[in-house]
Visitor: 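The structure follows.
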Amino acid sequence: MPPIRVVAIPTEVAETVRATLRAPIYGFPAHAELATDDAPCRHCLRTIVANQDRRILFTYDRFAGVESLPQPGPIYVHADSCPRYTEDAGFPEELRGSPRTLEAYSRGRRLVAQEYVADGKFEPAIEKLLALSNVDYLQVNSTTAGCFTFRITRAELK
Ligand SMILES: [Zn+2]
């Protein structure tokens, strides 16, 4: 598979939410609590473990930084500081076991194609979608909950 970038939310966003308990841009109150079920942190892309980790739920524009047309929705981060997922580390292993929808977009937020992956074999689907010449990036969402998880782009050649 050609190299990809796995793009978690910016550290600045996670830190701002932790410090203010408000959603960036929107200002809506964020909700901090002990996790009641397992869910991925959108900053470190690891599992927020139920009955063990604290989490913050807040409103986030899943197209922030790539499109002018927003699409806000709820996401979680760890309530405590965590390291941002390394962009060149490949598909996050902790997320492989849950069904994800890969949405392939061209600029202008135009949905070109999508793939539902439930068997953990994400790389063939990613490769197939990024091979489409009119696809600029992929949005990865939870298939069961619908929430935004992270973005994938082609890695720039250096
Ligand atoms: Zn985290």
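Numbering of residues begins at 1 and proceeds along the displayed sequence. Note that ligands are numbered from 1 as they come in the structure, with each ligand's atoms numbered from 1 the same way.
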Visitor: In this structure, is the centre-to-centre distance between the rings of Y105 and F63 below 6.0 Å?
Guide: yes
Visitor: What are the protein N/O/S atoms, named by residue and atom, that sit under 2.8 Å from the Zn ion (ligand 1)?
Guide: C41 SG, C44 SG, H78 ND1, C82 SG
Visitor: Would you call R96 and E123 a salt bridge, using N to O less than 4.0 angstrom?
Guide: yes
Visitor: Just do the salt bridge (Lys or Arg N to Asp or Glu O under 4.0 Å) check on E87 and R5 with the steps written out, would you?
Guide: CA-CA 5 Å; E87 293 189 349; R5 279 176 65 211; 2.9 Å; yes
Visitor: Would you say the side chains of T101 and Q114 form a donor-acceptor pair under 3.5 Å?
Guide: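 There is no such pair between these side chains.
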Visitor: Do R55 and T36 have side chains that get closer than 4.5 Å, going by heavy atoms?
Guide: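 Yes; the side chains approach each other to less than 4.5 Å.
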Visitor: May I ask you to test the H43-Y85 pair for a side-chain heavy-atom distance under 4.5 Å?
Guide: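 Not touching, per the 4.5 Å side-chain cut-off.
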